[in-house]
Amino acid sequence: LDYIVSQKQIDIIRTKKLVDSDIRDVLPIMHIAMKVAPKTTTMKIIDKFIFIGVGIGTHIVSINEKIKSSNYLIIEDDIELFRLSLFTTPYYDLAETAQLTFSVAQNQHQFADTVTLFLEYSYFNNRYLKYFHFPAHDNTKIKLIQAQLARQSQHVFPYDISLSKYLLPLKRIAGGYKTINIATKFAKSLFSHTPALVLAAGPSLKNNMDWLKEHQDKFVIIAASAILNTLYINGIKPDIVTQIDGYTQAGRSCMTHLDGVDTQTFLKDTIFIFGTHVPDLLINILNKENIYFLDDGENYDGFDSISASCVGSMTAVLAVKLGFEKIFLLGLDLAFDQKTGATHSTDHFQNNIHDLSKADEISNIISLRDSMIQTEGNFSKTVYTTADFLVSIRVLSNTFSSIKDETQVIYNLNQGAFFANTQPMHPKDIQLEYKKIDKSALHNKISTLFQTNSASGMDQNSLAKTKQRLQNGYDILKLVKEYEKKSFLNEDKYMYDLFGLLSDILKSNAREDSQIIFTLTLYLRYVIPYITDIENTKEITKVMQHFKKLDKSLIEGILNIVNRYIDAIEEFLGEMEKQ
């Protein structure tokens, strides 16, 4: 995803001053590439090409004769039409010189996997993707391709956020906070025969508020922090609150969830389960004894975290991991309100209203949150959702499949998207034979259970692995320093040595290397396509001049990431030695 940045902003980055961006080390490279190779320039070769619709395939042959691409994604929704094309299109000839990826009569999730595979292959040539849309083929797949482009890992989870995810837990551990172990399900616990009601900020929450107020005492309520204002206004006390958001900037601060909320009384008996990015501003106003962190930094052997793209999904998965046998989901629509076009409950600060009459139009702008795509509905055949929500729908469906056991039933109460391994149910149809729960006694029981299944501090084995991570950081610095001594006389030599360096940095699969390697992978997946695009631009004649500037920014970016990683670990080890 391109961002227009000024030279002044680049100068600020160069002087190491704080820049409010999760991709600040990408911006200098992006700035150079967009300046010397704008979209008005011409590509030397088209390495990756997409055919949306096959027909009888004669156009595939003629286009290949002109562009001779090395990677093709070939899409056809009509399996009979594709079979016909097998008699008229010599795919075997294309396969002699190109990598072919086929998507034939695939559903939405299968198609996402196929596009991901296409994007992963020679990812460094993803800067511009060309395509041919066969007129008889509908445009749904174009919207899904746009969604998959926006959902690439380096865009959804920028490298800077990844690095913080790994380093912030060290600060929490040094501060004496507890980390909860959810590696194994809390089987046969107090949750086994008590129903859980998972609450998120989707439109269905407000639409069912009267029912919720009437029956709140019959469930263990696990709520995303984004709805704390709403719950407070309606007198609904959550037993467990989750949060993964760490933004405090004006206009999108997670602290707005607590505006007007009396945390000392209303949340006195509430347990908080946090991701690593939750800000100190929030942590410091809560009772430390009620706070538990997830092990996002992989600091404890045998612990586990939760992979989810939004707090609502994370909260639903948490309920399964805690061992509830009956789980009810409310406000986890992951789709627009199909009447109003709202993305969230009406009083949620991130709520946006979309014009659903324009849902089938193709946009020239790829956006995670503004796209409008159809997916299977919970109570209707289809609903409109966003590319962002599609990620959560897919992750949630897959995760339920892998962790839910035969004793657990998940009921989807929402008007939004359907999730695999759940049962659609209207709130009014729930057989509420449950007794009211003594919430004060429940808080004590949950606290005891969580304390038994958590850790604080760090044992000697974990400290040794942290020291190994530190050494791995220094090993990468050594590789980069050796690379910096090289001189490049031509483009081929530069690209060969550059990819050699990247291969050396990323080759390890040791657990102690995973944090820094994953972070650097996200960074490189963002910046390398800009470098290869310079080489592939016809109008640029003195490529090496630009390569030298780009290489300097690239190495600075790598060093910034690795040095930040090293500094944080060294600071943590120093703090632990004092304890």
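What you see is a predicted model; the values in this text were computed from it and never measured.
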Fill in: Criterion side-chain contact (heavy atoms from CB on, under 4.5 Å) against Y523, the qualifying member of I23, L554, L163
L554

Discussion item. Can you list everything that forms a side chain to side chain contact (heavy atoms under 4.5 Å, CB included) with N536? Sequence neighbours excluded, please.
Written reply: M43, K44, I45

Worksheet item: Can you name the side-chain hydrogen bond (donor to acceptor under 3.5 Å, both in side chains) partners of S401, sequence neighbours left out?
Response: none

Worksheet item: Tell me, which pairs form a salt bridge (charged side-chain N to carboxylate O under 4.0 Å, His left out) where one or both residues lie in residues 464-474, sequence neighbours left out?
Response: D301-K465

Name each donor-acceptor pair under 3.5 Å that joins a side chain in residues 476-486 to protein atoms two or more places apart or in another chain, with its distance.
from	atom 1	to	atom 2	distance (Å)
E482	OE2	K485	NZ	3.3
Y483	OH	D551	OD1	2.6

Fill in: Ring centre gap for F499 and F124 strictly below 6.0 Å
yes

Discussion item. Does K178 qualify as a cation-pi partner of F293, given the criterion of NZ or CZ under 6.0 Å from the six-membered ring centre and within 45 degrees of its axis?
Written reply: no

Discussion item. Just by distance, no angles: are the side chains of D459 and S462 close enough, under 3.5 Å, to form a donor-acceptor pair?
Written reply: yes

Worksheet entry | D25 and E556, any side-chain heavy atoms less than 4.5 Å apart | no

Worksheet entry | With D47 via side-chain hydrogen bond (donor to acceptor under 3.5 Å, both in side chains) - residues at least two apart | S70, N71, N125

Worksheet item: Any ion pair linking R24 and D160 (charged N to carboxylate O, less than 4.0 Å)?
Response: yes

Worksheet item: Any side-chain donor-acceptor pair under 3.5 Å between T116 and Q148?
Response: yes

Between side-chain atoms of residues 166-177 and protein atoms elsewhere (two or more places apart, or another chain), which donor-acceptor pairs fall under 3.5 Å?
from	atom 1	to	atom 2	distance (Å)
K171	NZ	D280	OD2	2.6
R172	NH1	D280	OD1	2.5
R172	NH2	V278	O	2.7
R172	NH2	D280	OD1	3.4

